[in-house]
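Bear in mind that the values here come from a model prediction, so they are computed numbers and not experimental data.
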Amino acid sequence: MGTTPTPLRRFMDYAVLSVLAFVFVLPVIYLFLGSLKPSDEVLNGMSGFLPTHLSFDNYSAVLDSLDSDSTGYFWGFMGVSLLLAFVVVTGGLFVNSMAAYGLSRLKWRGRNAVFTLILLLMLVPFESVAVPLFYMFNDQRNTLPILALPFIANAFSVYQFHTFFRSIPPSIEEAARIDGAGPWRTFFAIIIPMSKPAFASVAILTFLIQWGSFLWPVLMVSDPSVRPLPLEISVFQGQEPPDWGQILAFGVLLVLPVLVVFAFFQRWFVQGVASSAVKG
């Protein structure tokens, strides 16, 4: 039986956690404040944290500079990134959850071998297969489907769903089977509603990975009309002379959708993390 922490111990724990949280959030504060400052005041070291000469001029400049056929359109880049993230996240939730359900709850020959292969795929970094994939799909360059399809099936997502599904009592499915529900109805009517924390966790992690994807678009995209935001910000940063205020404003615009997605799924994500910690 665990002991109740003393008030001093609790205070020390919160103090340490607060300091660590502050350290981790400092770059975000610097990013936001820098996006509101003139370019010549951005790279001033610690004085960059001083809230002076703030305005939204950098944001207006970014949107104005990316508003023509020659440069591409900012909202076009944003739309491409949102579309790719939507396809990868929704497709991944459907494909990976079904694969995990078949591996964790259905009995069939070779199931353990397939699951072991999936675990081994988690050890293979994407960088090691990016060049072979480039030569395989070279004829599909500058198309939206090829930017999304390689990332829908994900070994780590299958593993996350598999771990959660294994924690669901088999008696629930046995009761559904007695009521006449088959595997498909059991999965969609019972398993999915019970697995919101797992779906939220996978959705957030998949969105983060896809939203920040850079290597694959570098290899496969040369047409600005299908250029996602992470690739466009590298092009924008490479312009001479660099305007760091505008670059940081672009960075804030790149981060905002991530914050919105996390805020939307936060409750179920925290539940998933807590349940994983309890099981561990």
Side-chain angles (χ1 to χ4, degrees), residues 83-130 132-133 136-137 140 144-177 180-213 215-216 220 261-262 264-265 268-269 271-280:
L83 177 61
L84 293 176
F86 175 79
V87 171
V88 172
V89 171
T90 56
L93 290 177
F94 182 74
V95 170
N96 297 316
S97 63
M98 289 184 62
Y101 183 72
L103 290 167
S104 62
R105 313 302 286 187
L106 304 181
K107 295 180 180 180
W108 45 278
R109 183 176 298 179
R111 182 182 67 172
N112 293 334
V114 173
F115 184 63
T116 301
L117 178 60
I118 290 175
L119 294 180
L120 292 175
L121 288 175
M122 292 171 55
L123 305 177
V124 180
F126 176 74
E127 289 77 7
S128 65
V129 297
L133 285 175
M136 288 174 59
F137 300 111
Q140 284 77 44
L144 290 175
I146 202 58
L147 293 177
L149 290 178
F151 304 99
I152 291 178
N154 184 277
F156 184 66
S157 296
V158 173
Y159 173 75
Q160 286 182 291
F161 278 122
H162 181 276
T163 302
F164 190 90
F165 291 160
R166 294 282 290 182
S167 67
I168 297 177
S171 58
I172 296 177
E173 292 164 284
E174 293 172 359
R177 193 177 302 114
W184 288 98
R185 184 179 175 185
T186 300
F187 178 71
F188 286 104
I190 298 176
I191 300 299
I192 289 182
M194 294 180 61
S195 306
K196 289 181 180 178
F199 276 83
S201 299
V202 172
I204 289 177
L205 296 177
T206 303
F207 182 86
L208 286 175
I209 295 172
Q210 176 58 36
W211 190 258
S213 177
L215 176 60
W216 188 238
M220 302 302 292
V261 169
F262 183 79
F264 182 79
F265 288 105
W268 298 293
F269 178 73
Q271 290 178 3
V273 173
S275 63
S276 299
V278 171
K279 294 167 191 172

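Between Phe165 and Phe187, the two ring planes are perpendicular [angle over 60°; tilted spans 30° to 60°]. Tyr159 and Phe115 have parallel rings, their planes meeting at less than 30° on a 0 to 90° scale where 60° marks the start of perpendicular.
The two residues Met220 and Leu147 make their nearest non-hydrogen contact at CB-CD2, 4.0 Å. Listed here is the closest heavy atom pair of Ala100 and Val158: CB-O, 3.5 Å. Across every non-hydrogen atom of Gln160 and Val202, the tightest pair is OE1-CG2, 3.5 Å. Across all their heavy atoms, Pro150 and Pro145 have their closest contact at CD-O, 4.4 Å. Heavy atoms only, all atoms of each residue included: Val88 and Ala148 are closest at CG2-O, 3.7 Å. For Leu215 against Ala130, the heavy-atom pair with the smallest separation is CD2-CB, 3.9 Å.
Side-chain contact check for Arg105 versus Thr186: every heavy-atom pair is 4.5 Å or farther apart. Side chains of Leu133 and Trp216 form a contact here, defined as non-hydrogen atoms less than 4.5 Å apart. Between Val89 and Gln210 there is no side-chain heavy-atom pair separated by less than 4.5 Å. Side-chain contact between Val261 and Trp211: absent, with no pair of heavy atoms (C-beta onward) separated by less than 4.5 Å. Two residues are said to be in side-chain contact when any heavy atoms from C-beta on lie closer than 4.5 Å; Ile172 and Met194 meet this criterion.
Counting non-hydrogen atoms of other residues, nucleotides and ligands closer than 6.0 Å to CZ of Arg185 gives a total of 12 or fewer. No more than 12 heavy atoms of other residues, nucleotides or ligands shown are found within 6.0 angstrom of CH2 on Trp184. Applying the 6.0 Å contact sphere to CZ of Phe126 captures more than 12 heavy atoms from other residues, nucleotides or ligands.
Interatomic distance, OG of Ser171 versus CZ of Arg177, reported as 11.0 Å (0.5 Å rounding). We find the CD1-CE distance between Ile191 and Met98 to be 13.0 Å, quoted to the nearest 0.5 Å. Between Thr206 atom OG1 and Phe156 atom CZ the span is 9.5 Å, to the nearest 0.5 Å. A distance of 7.5 Å separates OG1 in Thr90 from CD1 in Ile152, rounded to the nearest 0.5 Å. Once rounded to the nearest 0.5 Å, the distance linking CG of Asn154 with CZ of Phe161 reads 10.0 Å. Here the straight-line distance linking atom CD of Glu173 with atom CD1 of Ile168 works out to 7.0 Å at 0.5 Å rounding.
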Could you walk me through whether His162 and Ile118 pass the side-chain contact (heavy atoms from CB on, under 4.5 Å) test, one step at a time? CA-CA 11 Å; His162 181 276; Ile118 290 175; over 6 Å; no
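Side-chain rings of Phe199 and Phe164 stay apart, their centers remaining 6.0 Å or farther from each other.
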